[in-house]
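Notes to accompany the following structure.
Only heavy atoms go into these numbers, but all of them, side chains included; no hydrogens, no water, no symmetry mates. We count ligands from 1, going down the list as the structure has it; atoms in each ligand are counted the same way.
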Amino acid sequence: MELKQYNMQFSLPPNLTDYQSLYTSFSWERERENLDGLLQGGVNIAYEAVERHAQSPLTDTVALRFISKDRTIKNITYGNLQKLTSRFANVLNTLNISKGEAVFTLAGRIPELYIVALGALKKVAVFCPLFSVFGPEPIFQRLSRGEAKVLVTTTSFFEKKVKLILDRLPSLKYVLLTDASQHINEQVLSLPRLMEPASEHFIIPDTNPEDPALLHFTSGTTGMPKGALHVHKAVLTHYVTGKYVLDFHFGDIFWCTADPGWVTGTSYGIIAPLVNGVTSIIDEEDFDAVRWYSILEDQKVNIWYTAPTAIRRLMRMDIYPMEKYNLEHLRVILSVGEPLHAEAVLWGEKMFGKPILDNWWQTETGGIMIANFPSMDVKPGSMGKPLPGVEAAIADVTDKDFRIIQEPGKQGNLVLKKGWPSMFRTYLHDEERYKKCFRGEWYITGDLAKKDSDGYFWFVGRADDIIKTSGHMVGPFEVESILMDHVSVAEAAVIGKPDPIIGELVKAFIVLKPGITSDENLQMDIIGFARKKLGPAVAPKELAFVNELPKTRSGKILRRLLKARELGLPEGDLSTLEQP
Ligand code: AMP
């Protein structure tokens, strides 16, 4: 691929002007000096994100600007955010929630979610956001695995999704409703009523950089979702990536379109912009091309962090944004979560006068690891180069061997050298699984990639069966388990089927119980059953009936083979296939 030289006429010089020299001279310790730290010598995410700015000239700057569905705007300054988050930290005190206990949210992008997240971090509780589109089963799995002590949600989600699983969650002490004016009973309480008398003053306790802070569930191919645990020190990655990748400058207006139910919406929808003292736009509504372009214009957004699924949707519209909207403030556009094809990068250049900068990371890494930096030449279709402070490589990984591949252009496993601050510290209650992710000094990401002779990384695919649909990870096992609960289903296997808009759609293959005949009604019934239990974001969109599923001799479903057959691709090595 030819190296495309873009003429970057940004109105501000980027924070990272010379990638190579920063990469060579970078030191995490030196960057840490740009954070304040606690008086006692610790590090607390909420202190760096809120407290220190509230005590500085930034206090009256808008930290969070919420755009509600009806487009009402609500601004919260750094000063007010300090008070609100302190109140919530004091609410947790009143409820006797201790350091390290888990506070979950299940809500859309409403102010309470952000206040709860930062208030919980002040209290050194562990914050865990759930995606509000999940159905009751994924919610139950995560609340129970994460041993949630507090869940903050809305009355509507409580009624529809939580009430029916409450008696299966013995360790959940409280459910706090954001929109209830009265307490319901001793367990289900009104958040506004608790917040009202709570003091605006809260002194953040000494926080060890290694104290747990954030829990994000991510999907595996085998077994139920894994809880990746991050520590307060992760804030250093949020700060550094905000500065060098997102290119935050004081006064910037930033819009991350991700939902905090996924890691991007927390690391970059909450923490990184606040740590860097900029203003974040938060839109409560889901994707809508016209609304999005008008938000970019009305809010004078400088930096826009979005995802390939949204970009592909915009590409299909007959809208030329620069003709219809004044987007002169837009300085940097970035994308994450799925492959951003060269075509989309070039479309961005045509539509916005600048390329869309792809970057790569995952729940386990806690922050951006590989990126196209604003000052760097972009190779459309490539994820870019490693963040300064991060060593990335391609490796041959088998059960027995591990070898870094030096030859450029060779495909292998994408691996990262341990040691960046936001690396996950464990999978909750699953240390064995955590250990399996490492070979000596190297973390194995589960992605396949290539590195070219200029040091750019190119995404190839997942090394496992995990599905990425609309940028969200879906574990086939979680879906299959629910499908198997349907009275007519004997066996189920789930794959990701390529889709031009949402990347992959969830497709299920079903073997029915003996004597049950397949028809369209049954197909609809099983899909409906899965949607009710799993929620529309996770449930299969397509379903096919089959007589049997391909399996290994040890009985493991060969999803890879199902996928190859579905797509008409070569079936590959079939030596482990159980022969009928
Ligand atoms: P998650 O943990 O849900 O954030 O998903 C992380 C996974 O998304 C990665 O392991 C990749 O498979 C995929 N991913 C993230 N960013 C990119 C990207 N820029 N290009 C290709 N795949 C990506």
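- Considering backbone and side-chain N/O of Ser335, none are found under 3.5 Å from N/O of ligand 1.
- Residues Pro408 and Lys451 are not in side-chain contact: their nearest non-hydrogen atoms beyond the backbone lie 4.5 Å or more apart.
- Of all protein heavy atoms, the one lying nearest to atom 17 (C) of ligand 1 is Trp360 CD1, 3.5 Å.
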Notebook entry, point to check: So Asp377 and Lys385, salt bridge (Lys or Arg N to Asp or Glu O under 4.0 Å) or not? Walk me through it.
Noted result: CA-CA 11 Å; Asp377 292 326; Lys385 293 189 177 188; over 6 Å; no

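- The nearest heavy-atom contact from the protein to atom 5 (O) of ligand 1 is Lys468 NZ, 2.9 Å.
- Residue Gly337 has at least one nitrogen or oxygen atom sitting less than 3.5 Å from a nitrogen or oxygen atom of ligand 1, judged on distance alone.
- Nearest non-hydrogen protein atom to atom 18 (C) of ligand 1 is Glu338 O, 3.4 Å.
- Of the protein's heavy atoms, Asp447 OD2, 2.9 Å lies nearest to atom 11 (C) of ligand 1.
- With salt bridges taken as basic N to acidic carboxylate O contacts below 4.0 Å, none links Glu349 and Lys354.
- A donor-acceptor pair is defined here as one N or O able to donate and one able to accept, closer than 3.5 Å; such a pair exists between the side chain of Thr445 and the backbone of Leu414.
- Heavy-atom contacts of Asn359 reach the following atoms of ligand 1: 16 (N), 18 (C), 19 (N) (cutoff under 4.0 Å).
- Within the listing of ligand 1, atoms 20 (N), 21 (C), 22 (N) sit less than 4.0 angstrom from a heavy atom of Pro339.
- On a distance-only criterion, Trp262 and ligand 1 share no N/O pair closer than 3.5 Å.
- In this structure, Tyr305 and Phe254 have tilted ring planes: the angle between them lies in the 30° to 60° band.
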Notebook entry, point to check: How far apart are the C-alpha atoms of Lys533 and Glu478, what are their side-chain angles, what is the distance that settles it, and do they pass the salt bridge (Lys or Arg N to Asp or Glu O under 4.0 Å) test?
Noted result: CA-CA 11 Å; Lys533 294 226 165 189; Glu478 198 176 358; over 6 Å; no

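- In terms of protein heavy-atom proximity, atom 6 (C) of ligand 1 is nearest to Gln362 CB, 3.3 Å.
- When each atom of ligand 1 is checked for a heavy atom of Arg462 under 4.0 Å away, the hits are 10 (O), 12 (O).
- Ranking the protein heavy atoms by distance from atom 2 (O) of ligand 1 puts Thr363 OG1, 2.5 Å first.
- With respect to atom 3 (O) of ligand 1, the closest heavy atom belonging to the protein is Met473 CG, 3.5 Å.
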Next item on the list: Please assess Thr257 against Thr306 for the test side-chain hydrogen bond (donor to acceptor under 3.5 Å, both in side chains), listing each intermediate value before the final yes or no.
Entry: CA-CA 5 Å; Thr257 60; Thr306 189; 3.0 Å; yes

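- Salt bridge status for Asp259 with Arg109: present, with a side-chain N to carboxylate O gap under 4.0 Å.
- Between Asp465 and Lys563 there is no salt bridge, since no side-chain nitrogen of the basic residue lies less than 4.0 Å from a carboxylate oxygen of the acidic one.
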